[in-house]
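These values consider heavy atoms only, across backbone and side chains, with no hydrogens, waters or symmetry-generated copies. Quick note on labels: first sequence line is chain A, next is B, and so on, each numbered from 1.
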Amino acid sequence: MADNETPIVEAPRDFIRDIVDADLKSGKHKSVVTRFPPEPNGYLHIGHAKSICLNFGLAEEFGGHCNLRFDDTNPAKEAQEYIDSIKADVRWLGFDWGKNLFHASDYFEQLYIWAEDLIRAGKAYVDDSTPDEVHAMRGTLTEPGKESAYRNRSVEQNLDLFRRMRAGEFPNGKCTLRAKIDMGSGNINLRDPILYRILHDEHPRTGKTWCIYPNYDFAHGQSDSIEGVTHSICTLEFEDHKPLYEWFLDNLPVPSRPRQYEFARLNIGYTVLSKRFLNQLVTEKRVSGWDDPRMPTLAALRRRGVPPEALKDFVRRVGVARANSVVDMQLFDFTVREFLNKHAQRRMGVLRPLKVVIENYPEGQVEELEAVNHPDDAALGTRKIPFAREIYVEQEDFMENPPKKFFRLSPGTEVRLRYAYFIKCREAVKNAAGEVIELRCTYDPATRGGNAPDGRKVKATLHWVPAAQSLPAEVRIYNPLFSRPDPGAGGSDLLADMNPNSLELLKDARLEPALADAKPGEVIQFERQGYFCTDPDSKPGALVFNRTVGLRDSYAKA
RNA sequence: UGGGGCGUCGCCAAGUGGUAAGGCAGCGGAUUUUGAUUCCGCCAUACGGAGGUUCGAAUCCUCCCGCCCCAGCCA
């Protein structure tokens with residue numbers, strides 16, 4: 001692409017940006033501070049990309065900063081592997097948290113002090129109820145809860161018990177620290193929420209320092225406040241937690257007053273964005289790993305060849321709003337194709353080869369034909385492709401008894417071989433089973449390069465590779481992981497909704513020789529097929545390519 | 001039947017009292033050595049429904065309908 005072709009993309013507008021804009025203009029805040037707060041209990045997926053782009057994007061657009069903060073308050077589920085992958089994924093997307101890397105665990109001591117403050121103020125108590133009792137006394141959606149028998153312990157006793165919880169005197173589940181709010185609230189989060197639970201688990205960062213850990217509600221808002229976060233942006237399901245979020249800010253001597261805003265999480269047709277479920281797929285080995293290219297994780301999209309620029313553009317096009325929605329996968333495919341069409345070099349690869357013998361082409365002769373690397377960007381140069389008597393074309397480019405609108409090869413028709421010659425099919429050779437295994441064709445030497453001096457036209461141009469000089473390769477085609485647009489809908493089993501044909505392995509593909517030099521991560525268009533990149537499994541002599549996305553195909557659709 | 005949200009074209013999504021942006025998808029057509037790309041054109045008398053206020057409503061009021069979230073010592 002020419003350097004001067006920097007696309008001018010309009011800054012997105014949405015209700016959150018409007019709020020930030022207004023807060024800055026009114027002087028409520030002099031700069032914006034956001035945060036992306038993942039829990040390191042799995043890999044990031046495309047839904048997180050929306051949050052990352054929103055939070056980091058806001059900081060960039062309004063000249064503030066965005067913290068990367070790990071919400072690591074549950075050592076039972078969290079691991080270093082996830083911390084590492086999350087950092088790699090955020091960087092891959094092109095965002096930089098600079099010095100602003102934090103962890104909820106950085107604040108464990110401060111949170112503990114604040115918990116004691118609450119106890120001293122008579123606003124928190126240690127509850128010895130069992131988990132079952134807590135559950136039973138919480139009430140239901142329509143009935144109020146009941147107050148715990150331990151609710152009115154003295155401040156001294158609560159302090160003593162809480163300190164002993166911290167000291168490790170009690171086993172997991174023996175007791176909890178609860179806020180004393182309102183067991184009759186219609187908002188269940190306000191029915192004396194649990195603040196601390198006992199967890200004798202090793203924490204990825206604090207090791208064995210703690211055996212009591214704060215819950216999300218007791219950690220999140222205070223962490224935002226400590227960091228001076230101005231706009232704490234989360235998804236809709238946390239809206240019910242906002243009164244609690246504010247209750248802590250109101251009742252604790254916190255250093256700043258962040259405000260929470262909620263937006264609708266991203267959903268995409270034919271896919272599931274749930275860390276819990278993705279974790280299950282990995283654990284049960286239904287996919288090859290978190291980066292199996294069929295997964296919606298950022299690691300998988302990267303491996304599949306999706307450029308981060310395309311992902312960001314996708315998120316921009318989806319927008320930010322408060323209405324639950326399911327975005328068409330076609331929009332995602334579109335953004336990927338749009339970027340790749342502009343940037344990917346062109347090559348030829350035959351996915352399902354059919355041998356073609358050009359009977360009037362001299363035996364043993366090989367010539368080099370020139371091909372352009374990008375039809376719209378001459379600066380990307382050209383390459384040579386060897387042409388010989390035996391070549392391969394795509395099986396689907398031949399039909400013995402073609403329907404009306406089939407422009408490709410069939411007995412008697414003439415087509416162009418891209419960058420090469422016109423060829424005419426004389427005969428289809430079949431095996432005992434009646435399958436076409438070879439085409440006998442003739443070529444017109446006068447059409448070298450692809451144009452006929454007599455001006456005659458052909459209706460199709462086919463891609464091809466030379467038989468002897470092409471490279472064998474395995475090509476992996478990825479289809480949606482689910483066979484229905486709304487997997488799991490109506491309570492159906494997610495596993496049962498999985499697409500049995502999500503992975504197609506084409507082990508006999510043949511690629512033009514120049515593809516031996518394909519660099520890892522470089523995405524290339526196989527003309528008339530789609531965009532592909534080498535997989536980490538690829539080795540010289542045993543090439544493996546992933547299909548990032550196919551080309552639009554108006555013929556196949558018709 | 002408690003609390004909190006949301007309902008604008010097949011899918012997203014602007015619009016916040018002045019007479020329905022845009023994108024994807026779809027459909028025509030032009031160009032094309034990728035049935036790709038590119039380019040032109042078409043695509044909501046209508047904003048969940050019913051009333052009401054107003055000169056005027058998707059935008060305000062009332063009632064109704066539908067969908068989503070909440071009863072983890074998960075986040």
Side-chain angles (χ1 to χ4, degrees), chain A residues 10 13-14 37-39 41 71 73-74 76-78 127 129-131 134-136 138-145 172-178 184-191 193-199 212-213 215-217 219-220 234-243 262 264 269 275-276 314 316-335 337-338 341-342 346 348 371-372 375-376 405-408 416-420 422 447 449-451 457-463 485 525-530 550-558:
Chain A
E10 278 178 53
R13 285 321 315 178
D14 53 65
E39 182 193 11
N41 67 344
D71 226 334
T73 58
N74 185 1
K77 291 185 179 172
E78 296 155 8
D127 191 344
S129 301
T130 64
V134 170
H135 173 78
R138 183 150 25 227
T140 69
L141 294 179
T142 53
E143 300 164 286
N172 288 358
K174 179 69 178 64
C175 48
T176 58
L177 182 73
R178 292 233 248 168
S185 174
N187 182 340
I188 292 174
N189 293 120
L190 263 19
R191 320 238 263 230
I194 286 169
L195 273 29
Y196 272 89
R197 74 284 209 194
I198 298 169
L199 242 34
I212 58 172
Y213 291 91
N215 265 323
Y216 165 84
D217 287 304
H220 206 87
C234 61
T235 44
L236 253 24
E237 66 268 28
F238 289 98
E239 185 148 34
D240 287 345
H241 293 247
K242 184 147 64 179
E262 312 84 20
K275 270 201 274 185
R276 190 210 134 266
F314 169 70
R316 183 186 64 76
R317 287 169 181 274
V318 165
V320 178
R322 287 177 61 87
N324 290 112
S325 61
V326 182
V327 175
D328 256 340
M329 231 176 18
Q330 294 175 117
L331 178 62
F332 177 76
D333 290 346
F334 170 83
T335 60
R337 284 193 199 107
E338 184 182 54
N341 174 53
K342 229 170 277 176
R346 312 287 134 116
M348 291 198 286
V372 304
D376 305 317
K405 288 287 196 187
F406 187 81
F407 302 150
R408 288 108 97 150
R416 170 166 44 232
L417 293 177
R418 182 138 230 230
Y419 304 121
F422 284 12
T447 58
N451 286 305
K457 303 288 186 200
V458 292
K459 301 200 76 173
T461 300
L462 308 188
H463 61 283
Q525 182 190 115
F526 291 3
E527 294 207 39
R528 301 210 308 135
Q529 290 291 352
L551 252 30
R552 275 184 62 195
D553 186 349
S554 53
Y555 173 72
K557 252 187 304 206

Tabulate protein N/O versus nucleotide N/O from nucleotides 14-16 of chain B, keeping only pairs under 3.5 Å, one per line.
from, atom 1, to, atom 2, distance (Å)
B:rA14, OP1, A:V320, O, 3.4

By salt bridge (charged side-chain N to carboxylate O under 4.0 Å, His left out) - contacts of A:R322 (at least two apart): A:E239, A:E262

Partners of A:N74 by side-chain hydrogen bond (donor to acceptor under 3.5 Å, both in side chains), sequence neighbours excluded? none

With A:S185 via side-chain hydrogen bond (donor to acceptor under 3.5 Å, both in side chains) - residues at least two apart: none

Which letters describe nucleotides 21-27 of chain B, given B = protein heavy atom under 4.0 Å from base, S = only from sugar-phosphate, - = neither? --SSSS-

Under 4.0 angstrom, heavy atoms only, what part of the nucleic acid is A:K459 near: base, sugar-phosphate, or nothing? nothing

Applying side-chain hydrogen bond (donor to acceptor under 3.5 Å, both in side chains), name anything that partners A:D217, two or more places apart in sequence or on another chain. A:H241

Taking any heavy-atom pair under 4.0 Å as a contact, classify A:R346: base, sugar-phosphate, or nothing. base

Looking at residues at least two apart in the chain, or sitting in another chain, which of them share a side-chain hydrogen bond (donor to acceptor under 3.5 Å, both in side chains) with A:Y419? A:E527

Reckon A:V458 touches a base, only the sugar-phosphate, or nothing at all at heavy-atom distances under 4.0 Å? nothing

Counting any heavy atom closer than 4.0 Å, what does A:Q525 reach on the DNA or RNA strands: base, sugar-phosphate only, or nothing? base

Would you please name every residue forming a side chain to side chain contact (heavy atoms under 4.5 Å, CB included) with A:T447, sequence neighbours left out? A:Y421, A:F422, A:D444, A:A452, A:R456

Nearest-nucleotide comparison on RNA chain B, the residue closer to the 5′ end among A:G319 and A:T461: A:G319

So, is A:S325 close to the B:rA13 phosphate, meaning a side-chain N or O under 4.0 Å from OP1 or OP2? yes

Report which part of the nucleic acid A:Y213 touches: base, sugar-phosphate, or nothing (heavy-atom distance under 4.0 Å, all strands). nothing

Residues that A:R337 engages under side chain to side chain contact (heavy atoms under 4.5 Å, CB included), provided they are two or more places apart: A:D333, A:Y531, A:V549, A:R552

Going by a 90° cut-off around 0, is B:rG72 syn or anti? syn

Would you give a per-nucleotide map of nucleotides 68-75 of chain B, 5' to 3', where B means the base has a protein non-hydrogen atom under 4.0 Å away, S means only the sugar-phosphate does, and - means neither? SBBBSBSB

Looking only at side-chain N and O atoms, does A:T140 offer a donor or acceptor that is under 3.5 Å from a partner on A:E143? yes

Assert: residue with more 5' nearest nucleotide on RNA chain B, out of A:L417 and A:R322, is A:R322

Name the nucleic acid region contacted by A:F422, choosing base, sugar-phosphate or nothing; use a 4.0 angstrom heavy-atom cut-off, strictly under. nothing

Results of side chain to side chain contact (heavy atoms under 4.5 Å, CB included) for A:P243 - residues two or more places apart only: A:N187, A:L190

Partner residues of A:E237 under the salt bridge (charged side-chain N to carboxylate O under 4.0 Å, His left out) criterion, sequence neighbours left out: A:R265

